[in-house]
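All values reported here derive from a predicted model rather than from experimental measurement. Here is how names work: the chains are called A, B, and so on, in the same order as the sequence lines, proteins then strands, and each is numbered from 1.
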Number of protein chains: 2
Amino acid sequence: MQKKDYQAKLAASQYKLTGQRATVLEVMINNRGKHLSAEEVLQQARKLRPNIGIATVYRTLEKLASLEILYKGMFDSGKYRYELADDREHHHHHAVCVNCGSITEIKDDLLCELEKNIEKQGFRIVDHDLKFYGYCPKCSPS
Amino acid sequence: MQKKDYQAKLAASQYKLTGQRATVLEVMINNRGKHLSAEEVLQQARKLRPNIGIATVYRTLEKLASLEILYKGMFDSGKYRYELADDREHHHHHAVCVNCGSITEIKDDLLCELEKNIEKQGFRIVDHDLKFYGYCPKCSPS
DNA sequence: TTAATAATGATAATTATTATCATTAGGGAG
DNA sequence: CTCCCTAATGATAATAATTATCATTATTAA
């Protein structure tokens, strides 16, 4: 998806496509594949719109996540991170380096079977989250 | 494992087995299979030792996790939760109910293959974390 | 027993997030 | 175009979880 598609999605919602929201969206698009914290989004957004406030950033990220334009996740650092949701559509997951903290993507299709078993037990799954912790190639003692 | 084994593990470490630490350990053992927040541990611990402080609880949980007696994890509620680590040894995972927040255990052995693939890419895995989100049997609209 | 060190509890400080509120900005009715 | 209504914004206060500080207490080693 590209910029105008996201804007269309937002415009079609109950919310308005304001300048601030477009800015946050643009930051996320410029950082496709990365996982930004609210603070990091603020830093980037201020380059485009110097007086945007942190509250607006939080509010916008929350709204974009509720529209499923963004995915909101917790990567064991004690704060939430956001990424464009369509990067997640193909069920990829995250490998978190315990040394440098870098996050890389992992593709996966092995989970379907496991999910079926769980649903047999009466638990109706709507989402899942898989993370691997270890040493990325750069940090690996090798 | 039982109480004395954990105590032995702690005693064998660089840390002392104080009364407070034994209390926190006992709370965790009494709640085997549950995932307690620091605040919940404090509540339980105060029943056994009324004047234990929250700082000691945090410090003790941190130490027990560093000794791998406990597992410390984030279940998307914005706070850490702790559980006895040996409950995790058989690679079970968590199903988090998005309605009532209950956490149930999922056994799993399907991940080995996926891990092998990731290691081929040069990422050395030391741990992983798999969570399912959905509706538990009680909350399922069914 | 005493000196050194580690642990504790109270509480201050910090960090991430959410709530409040006065002000501003758009969008439709006339 | 102007007025009104509501939504959105930015500044900042409030909250929640966690971590740091520090004086006091307990434990260990000599």
Nucleotide N/O of nucleotides 6-8 of chain C paired with protein N/O under 3.5 Å:
unit_1: C/dA6; atom_1: O4'; unit_2: B/K16; atom_2: NZ; d: 3.3
unit_1: C/dA7; atom_1: OP1; unit_2: B/R21; atom_2: NH1; d: 2.9
unit_1: C/dA7; atom_1: OP1; unit_2: B/R21; atom_2: NH2; d: 3.4
unit_1: C/dT8; atom_1: OP1; unit_2: B/T18; atom_2: OG1; d: 2.5
unit_1: C/dT8; atom_1: OP1; unit_2: B/Q20; atom_2: OE1; d: 3.4
unit_1: C/dT8; atom_1: OP2; unit_2: B/R21; atom_2: NH2; d: 3.4
unit_1: C/dT8; atom_1: O3'; unit_2: B/Q20; atom_2: NE2; d: 2.9

* Might you work through the salt bridge (Lys or Arg N to Asp or Glu O under 4.0 Å) test for A/R81 and A/E40, ending with a clear yes or no? => CA-CA 9 Å; A/R81 294 185 166 275; A/E40 287 165 352; 3.1 Å; yes
* **Nearest-angstrom distance from the residue atom CG of A/L42 to P of C/dT17** => 12 Å
* Can you tell me if CD on A/Q43 sees more than 12 non-hydrogen neighbours from other groups inside 6.0 Å? -> yes
* **Contact list for residues 11-21 of chain A, test side chain to side chain donor-acceptor pair (under 3.5 Å), sequence neighbours left out** => none
* To do: Please report, rounded to the nearest Å, how far the P atom of D/dA8 is from the CG atom of A/L25.
  => 15 Å
* **Atom of A/A22, atom of A/Q7 and distance for their closest heavy-atom approach** => CB-NE2, 4.1 Å
* Asked: Ignoring hydrogens and geometry, is there a side-chain-to-backbone donor-acceptor pair from B/T23 to B/G19 under 3.5 Å?
  -> yes
Kindly give the atom pairs (protein nitrogen or oxygen, nucleotide nitrogen or oxygen) under 3.5 Å for nucleotides 15-18 of chain D.
unit_1: D/dA17; atom_1: OP1; unit_2: B/K79; atom_2: NZ; d: 3.2
unit_1: D/dT18; atom_1: OP1; unit_2: B/Y80; atom_2: N; d: 2.7
unit_1: D/dT18; atom_1: OP2; unit_2: B/Y58; atom_2: OH; d: 2.6
unit_1: D/dT18; atom_1: O5'; unit_2: B/Y58; atom_2: OH; d: 3.4

* **Under 3.5 Å: donor-acceptor pair, side chain of A/T56, backbone of A/I52** => no
* Residue pair A/S37 / A/K79: nearest heavy atoms and the distance that separates them -> CB-CD, 4.2 Å
* Asked: A/A65 and A/K72: which non-hydrogen atoms are nearest, and at how many Å?
  -> CB-CB, 4.4 Å
